[in-house]
Amino acid sequence: MASTSDFNTGRRPENENASQEIPATPSAPATYSVVSLFSSCFDWCSRFFSTLLDQPNSVASASTTICQSQNELTDAFQGMAPYPLSSGIKKPPYDIFINHRGPDVKKTLATTLYNILNGMGLRVFLDSEELELGDSLPKELEEAMRSASLHLAIFSKNYAQSPWCLAELSFMLKTGTQIVPVFYHIQPDDDVRYARGAFADAFSKYEVKSRHTPEKLQEWKNALYHVSYITGHIVDTEDDEVGVLKNIVNCVLKVMKTVPFVVAKHPVGLDEAVNDFERATIQSAENNHRVQIVGLWGMGGSGKTTLAKHFYNNKYKTMERFGFLFDVREAAAKGELHNKQKELLEGLGLRGVQVNSIEVGKDMLASELRSVRVLIVVDDVDDVEQLDALLPNTDSLGWGSLVVVTTREFEVLRSWGISTVYKMKPLDPHYAEQLFCWHAFLQSSPFQGFESLVKSFLNVCDGLPLSLKIFGAQLYGNSSKDYWKHQLDKISRILPKNVIGRLKVSYDALDDEEKEIFLDIACFFIGEKKNLVINVWDG
């Protein structure tokens, strides 16, 4: 993706939606509890592609080559839909949907983009003609927009004269899919945002004809207003087109190359967990005009990273830019935090950057993130300085931005001012059994005769996903009940190293006094009531 200097920044007026206050939640813990920690313990395309990215005039020359090598290609695209829709045959999803007004840009920008992207193997929808808009969009068209991984909206001078374009734009926003706007010889802040000039004339005609309801017209105006703030590409002169085309293609390729994370081999109960996390912490995009910073807190092995990855997969396409930083604590321990800064900058689209120090990385991140709507996940943090290095100025982020911080240390969240915190919960017994069985039996339920043994292992694991997966995997392929009983007895006394290692991180993070308290609990107070133990320490 091109740098922000190539784009419209989309910055809001200072007095508009300026509040960046972080919402509080009554469920956030008030203090860090050691007792709580302990209790939770348990061949053409490639040549074309390289030419496109490496040579300044490659887009125009490549597009010309395509049209010269295929007779009347452009006429063919104008005369027919590139992928005819049929209600009787289910079509595969589109990668890109191009929203545009045909008489303005179809013979120029729109068809050139279609040729380039289609030549790269992407499935692109470009409608063949201006269709007459009825009461609603056809289901086939809605499905094309809903299935697309990216929407390109080309705003031209007479764009608003097409109610079809406006209806498409409104629906595109409702899908939540990322939109990349292109402002073709118009300005986002004057023409589009406030529906002035030719846009105002078009809406005046709609009002006189009274064909569309006032509510529908307002919906279209709201859609224009919203999209005008999204970082996009501006074509002011014909000389700009080659450069902007290259930037658009780079932007599209970045999105298309972003493959969702493989979350888990057996994603049992993940949808429900993410829904619970969102209900408890995340405000809807329609109601939120602030930067949201959310903490995801829990012991090692409780599934924080897994939940964060699944949440990220669901959300990243709705943002302008996005980044996921794994294992921040480990990078900081090795003195490589500046590499995490570089990783985030490159994920945000700044390729080939050099970050020689943490302070340099802070300055670059503060500049790159300014007024941009982003999704960032910072995973496994154990020190406030790590957040200071990776999130140097969250106040300047674009409205609707979302930052998720995962950690085992609640005190880090509190010290950095994160008041919205979600505490990881043990797996529901039903899902715990399924997860264990998938790893032990490759099915969601126990083999006949193993029900009681499975229940015993579930009691030992106590809903901790890490233990469920490790113990289940150790038992896989062994149908001897005696072996199962032996392993049950063994893990009751000695935990496997890969479990101990994950849990010990939480212990190592405690200070000396907290470690002594932890050992007191482990040695003398197992099974005792919490208040009794606290009274003993107070004495």
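All residue numbers refer to positions in the sequence shown, counting from 1. Basis for what follows: all heavy atoms, side chains included, without hydrogens, waters or symmetry-related copies.
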Nearest non-hydrogen partners of D104 and S156, listed with the distance: OD2-OG, 2.6 Å

4.5 Å side-chain heavy-atom contact, L344 and E368: no

Working for side chain to side chain contact (heavy atoms under 4.5 Å, CB included), residues E272 and D428: CA-CA 10 Å; E272 290 78 2; D428 176 273; over 6 Å; no

L169 side chain reached by W220 side chain, heavy atoms, under 4.5 Å: no

D95 (side chain) donor-acceptor with V124 (main chain) under 3.5 angstrom: no

Check: V182 and V105 side chains under 4.5 Å, non-hydrogen atoms: no

S170 side chain to A167 backbone, donor-acceptor under 3.5 Å: no

Contact check, side chains of D236 and Q187, non-hydrogen atoms, under 4.5 Å: yes

S162 (side chain) donor-acceptor with Y159 (main chain) under 3.5 angstrom: no

Determine all donor-acceptor pairs shorter than 3.5 Å in which one atom belongs to a side chain in residues 358-366; sequence neighbours excluded.
none

From R146 atom CZ to H151 atom NE2, the distance as rounded to the nearest 0.5 Å: 10.0 Å

H266: ring pair (Phe, Tyr, Trp, His ring centres under 6.0 Å) partners, not counting sequence neighbours: W438, H439

Any side-chain heavy-atom pair of V227 and M172 under 4.5 Å: no

Over all atoms of both residues, closest heavy-atom pair of T177 and A148: CG2-O, 3.4 Å

Derivation of the side chain to side chain contact (heavy atoms under 4.5 Å, CB included) call for Q386 and L337: CA-CA 8 Å; Q386 296 162 13; L337 200 54; 4.3 Å; yes

Side chain proximity check, F203 to L224, heavy atoms < 4.5 angstrom: yes

E219/K174 under salt bridge (charged side-chain N to carboxylate O under 4.0 Å, His left out): CA gap, chis, key distance, verdict: CA-CA 11 Å; E219 177 184 318; K174 293 176 182 177; 3.4 Å; yes

Side chain to side chain, T281 and V421, heavy atoms closer than 4.5 Å: no

Side chain to side chain contact (heavy atoms under 4.5 Å, CB included) evaluation trace for Y316 with Q178: CA-CA 8 Å; Y316 78 91; Q178 182 176 347; 6.0 Å; no

Polar side-chain atom of T406 near backbone of D380 as donor-acceptor pair, under 3.5 Å: yes

Aromatic ring pairing F125/F97, orientation class (parallel under 30°, perpendicular over 60°, tilted between): parallel

Side chain proximity check, L126 to K106, heavy atoms < 4.5 angstrom: yes

Side-chain donor or acceptor of T407 paired with backbone N/O of V381 under 3.5 Å: yes

S147 side-chain N/O to Y94 backbone N/O, donor-acceptor pair under 3.5 Å: yes

Rounded distance [0.5 Å steps], CD in Q161 versus OH in Y206: 7.0 Å

Audit row: N222, Q218, side-chain hydrogen bond (donor to acceptor under 3.5 Å, both in side chains) steps and yes/no: CA-CA 6 Å; N222 290 342; Q218 188 59 49; 3.0 Å; yes

Taking every non-hydrogen atom, the tightest pair across Q341 and S357: OE1-O, 3.6 Å

Straight-line distance of N158 CG to I186 CD1, nearest 0.5 Å: 10.0 Å

Y312 versus G323, closest heavy-atom pair with distance: OH-N, 3.5 Å

Short side-chain to backbone donor-acceptor contact, S228 and D189, under 3.5 Å: no

Close aromatic pair by centroid cut-off 6.0 Å: F324 and F326: yes

Straight-line distance of I376 CD1 to L397 CG, nearest 0.5 Å: 6.0 Å

Plane angle bin for F183 and F155 - parallel if under 30°, tilted between 30 and 60°, otherwise perpendicular: parallel

Under 3.5 Å donor-acceptor, S204 side chain and A200 backbone: yes

Aromatic contact, W164 with H212 (centres under 6.0 Å): no

Interatomic distance, I154 atom CD1 to L109 atom CG [nearest 0.5 angstrom]: 4.5 Å

Interatomic spacing from CG in L402 to CZ in F322 - rounded to 0.5 Å: 13.5 Å

Minimum heavy-atom distance between K157 and F199, given as atom pair plus value: O-CE1, 3.8 Å

Test log, rule side chain to side chain contact (heavy atoms under 4.5 Å, CB included), inputs V180 and V252: CA-CA 9 Å; V180 175; V252 169; 5.8 Å; no

Heavy-atom pair of closest approach, residues T394 and V291: O-CG2, 3.8 Å

